[in-house]
Undergrad: 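I have a structure I would like to understand better, so I am pasting it below and will then ask my questions one at a time.
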Amino acid sequence: MNQNPKIIENEKARVGGVILAAGGSKRLGRPKQGLTWQGKPFVTHIALQALAAGLAPLKVVLGADQALVRDAIGELPVDLIENQDWEEGQSTSMKAGLKALPANCDGVVFLLGDQPQVTAVLIRKLVERRAQKRSPIIAPRVGHRRGNPVLFGQETFKALLEVEGDQGGRGIFDQFHVDYVTWMDERLLLDIDDEDDIRRMNQMFGDVVG
């Protein structure tokens with residue numbers, strides 16, 4: 001029985017998501033996985049926005065403080081991936097998530113576990129740009145600064161799997177054309193590394209981080 005070619009095309013065009021939530025939070029001195037945004041765990045907000053944007057499947061990579069992430073995810077329709085090598089750097093989590101995706105994913109969006117302010121609207125814009133332009137890498141840009149999350153097309157996966165150490169997809173930016181989606185809210189550039197970052201985020205968003 002012949003399959004509908006439109007169904008095959010749509011299936012191949014799907015974009016998965018990987019939330020990188022394995023870090024040890026050394027600079028912060030307490031688990032980022034325990035931080036909350038508007039009263040809910042960071043990873044809960046990130047997962048809900050990724051799901052609302054239609055990323056499927058959605059993987060969450062675990063490392064340090066796994067129990068906090070498992071509790072935060074609860075019954076959300078995501079897959080939890082354990083990275084036994086998380087202490088060797090972000091590349092190990094990126095590759096663990098990438099290897100867990102089905103072979104027919106056309107692309108993947110990597111989301112950082114300390115950026116709960118990322119919206120489904122932005123994620124959808126990245127996916128739409130991939131569908132329209134077929135660019136191998138698509139990232140948001142605020143002014144002249146590149147932000148996260150970043151979408152990587154399937155043609156970059158082999159190169160991503162060769163990245164080593166404490167870096168993520170930026171390790172292959174010099175190998176492929178990078179397309180940008182303009183984003184006007186500079187708060188997208190914030191992430192959490194230390195207590196000063198938490199204070200800065202609370203000042204800019206209004207006491208949302210706990």
Side-chain angles (χ1 to χ4, degrees), residues 15-102 105 107-120 122-123 126 147-152 160-161 163 165-170 187-195 197-198 200-202 205 207-210:
V15 175
V18 173
I19 301 174
L20 303 174
S25 313
K26 291 182 179 179
R27 290 171 60 183
L28 182 61
R30 56 187 172 115
K32 290 183 186 180
Q33 293 88 338
L35 295 175
T36 61
W37 173 267
Q38 297 177 341
K40 293 182 181 180
F42 273 24
V43 72
T44 303
H45 282 273
I46 299 165
L48 288 171
Q49 292 302 307
L51 292 168
L55 297 185
L58 181 61
K59 313 289 184 177
V60 179
V61 182
L62 308 176
D65 302 293
Q66 292 188 23
L68 291 173
V69 180
R70 292 181 183 277
D71 287 345
I73 289 299
E75 299 300 318
L76 291 177
V78 307
D79 298 320
L80 300 177
I81 308 299
E82 292 189 26
N83 174 20
Q84 302 293 338
D85 302 318
W86 65 269
E87 292 182 278
E88 296 179 17
Q90 190 182 84
S91 66
T92 64
S93 291
M94 177 185 70
K95 289 187 282 189
L98 188 60
K99 290 175 182 178
L101 293 175
C105 268
V108 59
V109 176
F110 287 105
L111 300 116
L112 303 182
D114 59 0
Q115 287 194 311
Q117 75 273 27
V118 169
T119 66
L122 173 57
I123 298 169
L126 300 176
N148 287 294
V150 180
L151 185 152
F152 293 87
L160 288 171
L161 291 173
V163 176
D166 195 23
Q167 61 176 335
R170 68 180 182 273
R187 297 179 299 180
L188 176 68
L189 301 172
L190 296 172
D191 60 9
I192 301 295
D193 287 322
D194 53 35
E195 295 292 344
D197 292 332
I198 292 178
R200 189 175 300 112
M201 190 171 280
N202 279 331
F205 282 96
D207 293 326
V208 292
V209 181

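Keep in mind that the numbers below use all heavy atoms, side chains included, and drop hydrogens, waters and symmetry copies. These numbers were taken from a predicted model, which means no experiment stands behind them. One is the number of the first residue; the rest follow in order along the sequence.
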Undergrad: Considering all heavy atoms of both residues, which atom of Phe110 and which atom of Pro149 are nearest to each other, and what is their separation?
TA: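 Minimum heavy-atom separation between Phe110 and Pro149: O-CB, 3.1 Å.
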Undergrad: Any side-chain heavy-atom pair from Leu112 and Val118 closer than 4.5 angstrom?
TA: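 A side-chain contact is absent here, since even the closest heavy-atom pair is not under 4.5 Å.
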Undergrad: Using atom types as modelled and distance alone, determine if a side-chain donor or acceptor of Lys59 lies under 3.5 Å from a backbone N or O of Leu98.
TA: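 Pair absent, no side-chain N/O of Lys59 close to backbone of Leu98.
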Undergrad: May I have the step-by-step check of side chain to side chain contact (heavy atoms under 4.5 Å, CB included) for Phe42 and Thr36, ending in yes or no?
TA: CA-CA 5 Å; Phe42 273 24; Thr36 61; 5.6 Å; no
Undergrad: With side chains defined as the heavy atoms from C-beta onward, is the minimum distance between Pro41 and Pro116 less than 4.5 Å?
TA: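 With C-beta onward as the side chain, the pair stays apart.
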Undergrad: Are side-chain heavy atoms of Leu55 and Val15 found at a separation under 4.5 Å?
TA: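 Yes; the side chains approach each other to less than 4.5 Å.
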Undergrad: Working to the nearest 0.5 Å, report the span between CG of Leu189 and CZ of Arg187.
TA: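 Here the rounded value is 11.5 Å.
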Undergrad: Quick check: closest heavy atoms across Pro31 and Leu68, and the distance to 0.1 Å?
TA: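 Minimum heavy-atom separation between Pro31 and Leu68: CB-CD1, 3.8 Å.
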Undergrad: Roughly how far, to the nearest 0.5 Å, is CG of Leu20 from CG of Leu62?
TA: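 Those atoms lie 11.0 Å apart.
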Undergrad: What's the spacing between Gln117 CD and Ile46 CD1 if we round to 0.5 Å?
TA: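 Atom-to-atom, Gln117:CD and Ile46:CD1 are 8.5 Å apart.
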Undergrad: Could you measure the distance from the CD1 atom of Ile198 to the CG atom of Leu28? Nearest 0.5 Å is fine.
TA: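 One finds 5.0 Å between CD1 of Ile198 and CG of Leu28.
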Undergrad: Is there side-chain contact between Leu111 and Val18, with heavy atoms separated by less than 4.5 Å?
TA: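 No - every pair of side-chain heavy atoms lies 4.5 Å or more apart.
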Undergrad: What closest approach, in Å, do Gly23 and Ala64 show between heavy atoms, and which atom pair accounts for it?
TA: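 In this case the closest contact between Gly23 and Ala64 is O-CB, 3.4 Å.
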Undergrad: Closest approach of Ile81 and Ala96, non-hydrogen atoms and distance?
TA: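 Closest pair (atom of Ile81, atom of Ala96, distance): CG2-O, 4.0 Å.
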Undergrad: Verify side chain to side chain contact (heavy atoms under 4.5 Å, CB included) between Val108 and Leu151, making sure each step is shown before the conclusion.
TA: CA-CA 6 Å; Val108 59; Leu151 185 152; over 6 Å; no
Undergrad: If you compare all heavy atoms of Ala72 against all heavy atoms of Thr44, which two are closest, and at what distance to 0.1 Å?
TA: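 That closest heavy-atom pairing would be O-OG1, 3.0 Å.
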Undergrad: Is there side-chain contact between Met201 and Ile192, with at least one heavy-atom pair below 4.5 Å?
TA: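 Met201 vs Ile192: side chains touch.
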Undergrad: Can you name the one residue among Asp191, Asp114, Asp194 that meets salt bridge (Lys or Arg N to Asp or Glu O under 4.0 Å) with Lys32?
TA: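 Running salt bridge (Lys or Arg N to Asp or Glu O under 4.0 Å) over Asp191, Asp114, Asp194 with Lys32 returns exactly one hit, Asp114.
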Undergrad: In Å, rounded to the nearest 0.5 Å, how long is the span from CG of Leu48 to OG1 of Thr119?
TA: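 Nearest 0.5 Å value for the CG-OG1 distance: 13.0 Å.
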Undergrad: What do the steps show when you test Glu195 against Arg30 for salt bridge (Lys or Arg N to Asp or Glu O under 4.0 Å), and what is the final call?
TA: CA-CA 10 Å; Glu195 295 292 344; Arg30 56 187 172 115; 2.9 Å; yes
Undergrad: Just by distance, do the side chain of Gln66 and the backbone of Ala22 share a donor-acceptor pair under 3.5 Å?
TA: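 No: the side chain of Gln66 does not pair with the backbone of Ala22.
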Undergrad: On a heavy-atom basis, which atom in Asn83 and which in Ser93 lie closest, and how many Å separate them?
TA: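 Shortest heavy-atom contact: ND2-OG, 3.0 Å.
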Undergrad: Given side chains that start at C-beta, do those of Val69 and Ile19 come closer than 4.5 Å, heavy atoms only?
TA: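 Result no, sub-4.5 Å side-chain heavy-atom pair not found.
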Undergrad: Would you check if the side chain of Gln167 reaches a backbone N or O of Ser91 as a donor-acceptor pair within less than 3.5 Å?
TA: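 Checked: no pair found.
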Undergrad: Taking Val163 as the fixed residue, which of Met94, Lys95, Arg170 is the one that meets the side chain to side chain contact (heavy atoms under 4.5 Å, CB included) rule?
TA: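 Among Met94, Lys95, Arg170, the one meeting side chain to side chain contact (heavy atoms under 4.5 Å, CB included) with Val163 is Met94.
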